[in-house]
Protein chains: 2
Amino acid sequence: MNTCAPRPIVVAQAASASHCANCDARHRSVCNAISTDDLERLAASAIPKVFAKGQLFIEEGEKAGDFFNVTRGTAKLYKMLPDGRQQITGFASAGHFLGLAVSDTYAFSAEAIEPVELCRFSRSKLRVLLDDFPALEKRLLQTACNELVAAQEQMLLLGRKTARERLASFLSTRIAEAAACGEHGSTISLPMTRAEIADYLGLTIETVSRTFTRFKAEGKITLPSRDEVQICDLDWLNGVASGQDHHAFA
Amino acid sequence: MNTCAPRPIVVAQAASASHCANCDARHRSVCNAISTDDLERLAASAIPKVFAKGQLFIEEGEKAGDFFNVTRGTAKLYKMLPDGRQQITGFASAGHFLGLAVSDTYAFSAEAIEPVELCRFSRSKLRVLLDDFPALEKRLLQTACNELVAAQEQMLLLGRKTARERLASFLSTRIAEAAACGEHGSTISLPMTRAEIADYLGLTIETVSRTFTRFKAEGKITLPSRDEVQICDLDWLNGVASGQDHHAFA
DNA sequence: CGCACACTTGAACCCCCTCAACCCAAGTGG
DNA sequence: CCACTTGGGTTGAGGGGGTTCAAGTGTGCG
């Protein structure tokens, strides 16, 4: 169900019947479970949509009428406590499927942290698609399992890792994800702010900033710009991320 | 796939062909996706097994050859860091399906914290079952989604809640689960030790103990025995669990 | 240029952790 | 029957990692 409007962006109704066929994100998403011949069917159910930075498109507790598949940009998924404390449970970028839930209300909120393109599926249309394409359902199950594994890893991070280990894990994961997408450089771009990193890692913005500074002072990273990090010592980073030498310095 | 040996326990090969039909946990588990007529097929693939308290039956990193469905008792699922720090990601009791993973190695370990009965499925046999019973796959997807929602809730707890809120959330969830199983009392039994509660909530054993003591001193709970908690003020508990009055006392 | 916003840095504090002692109930064996 | 052990739990004192509060430093953009 990963469908994306061809660039330059064309609005929903005007989209070509085969917008799924031209989708950059298709091969990364659950939509690759649909054969090329059936893409028309898929495209007919998927409504492309665009959200600007800062726009909320899923709100925790609201009626869960739609599913989404991100095709471009990044969104943050988060839960909040009544007094404003926020926990980001993940960042969704191209290929990410959102809204998987049995309950009839969303369990989390989603907000674009940079311009986001995505495809919207109504609950009912998705159900029909799932019935017609069993492979799609298999693929969704796979996706859900992968997210479950990631969630468990994040629980380990939040429950037991130090601030240094958390940030190292974060950077390490981002490097690995970039590599999985074919980008093998040692520099990562961070579309999210320090505050969002903090809310993702269960820390405060100040601790994130200080930890970045310390890594830099130790010569393990450089910060070419606000939203870029260059990793100088990847082995060291992975070591810290995996929790080796909890109480060693240097 | 929830199958359980009729009590008294009968060992695998000797199990009746319809052990699934007599399984207490069937209606709570994914096995309820299989019609009564097809239970024989299910029972043929499910191998009942028993583990004593303390036995490890899934080891993180090992080859993931089997899936399990708990039919009795409780197991802890956890991940560990090289220096021994442990994070329990969940407790699996009757009806819980284990091993969902795309990767070919387990992402977590599982250990019985009280005597556990479960059914084992080989990867290959489960695949055949899934192909033959699409409803089973649908059910598994549902289960995975529910666990994902629970995992997100746990991330909020680990990342943003105080020790008081964590313990309150833990007790609140346990009360709700008991109610969902038809037990509507105000007393919960805790099969796990304080250390396991701590490893689940991202705290230390001392903090868990102290927080229990404080709740008791405030008259919100009583501790009839080591492994029982009686909730005196459920509304208060749910309020603390949901993070209201972060900085209020009383 | 100057405002707004994101980020950094510093100092004081506090919640929870660490370390250590102690309690208590259930075995175990002489 | 009681001394001893063992494992889980509680309680206390002190310390530290991260938070809180507050000020300062860029930096992009109208």
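Please read all numbers here as calculations on a predicted model, not as lab measurements. So you know, we letter chains A, B, ... as the sequences are listed, proteins then strands, and number each from 1.
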Specify whether A:F215 and A:W236 have parallel, tilted or perpendicular ring planes, treating 30° as the upper limit for parallel and 60° as the lower limit for perpendicular. perpendicular
Looking only at side-chain N and O atoms, does A:R226 come under 4.0 Å of OP1 or OP2 in D:dG26? no
Rounding to a whole Å, what distance do you find between B:I197:CD1 and D:dG8:P? 13 Å
Would you mind reading off the distance between B:E196 atom CD and D:dG7 atom P, rounded to a whole angstrom? 15 Å
With a 3.5 Å distance limit and no angle check, can you tell me whether B:K161 reaches the backbone of B:A241 through a side-chain donor-acceptor pair? yes
Phosphate contact (D:dT11 OP1 or OP2) by B:R210 side-chain N/O below 4.0 Å: no
Taking CG from A:L167 and C1' from D:dG18, how many angstroms apart are they, rounded to a whole number? 14 Å
Can you list the steps and then say if A:S172 with A:S169 is a side-chain hydrogen bond (donor to acceptor under 3.5 Å, both in side chains)? CA-CA 5 Å; A:S172 175; A:S169 299; over 6 Å; no
For the residue pair B:F57 and B:F68, does the interplanar ring angle fall in the parallel (under 30°), tilted (30 to 60°) or perpendicular (over 60°) class? perpendicular
Can you find a side chain N or O atom of A:T204 that sits less than 4.0 Å from OP1 or OP2 on D:dT19? yes
Side chains of B:E228 and B:T187: do they bring a donor and an acceptor to under 3.5 Å? no
Round to the nearest Å and state the distance from A:E206 atom CD to C:dC7 atom P. 12 Å
Using whole Å, report how far CD of A:E165 lies from C1' of D:dG18. 14 Å
Length of the line joining B:L203:CG and D:dT10:P, which is rounded to integer Å: 14 Å
Would you please confirm or rule out a distance under 4.0 Å between OP1 or OP2 of D:dT11 and any side-chain N or O of B:T213? yes
Tell me what B:T193 touches on the nucleic acid: a base, only sugar-phosphate, or nothing, going by heavy atoms under 4.0 Å. sugar-phosphate
5'-most contact on DNA chain D: A:T162 or B:K216, nearest heavy atom basis? B:K216
Taking only the side-chain nitrogens and oxygens of B:S209, find out if one of them lies under 4.0 Å from OP1 or OP2 of D:dG9. no
Whole angstrom is fine here: how far is it from CZ in A:R160 over to P in C:dC16? 13 Å
Protein-nucleotide distance (B:R166, atom CZ; C:dC15, atom C1'), rounded to Å: 11 Å
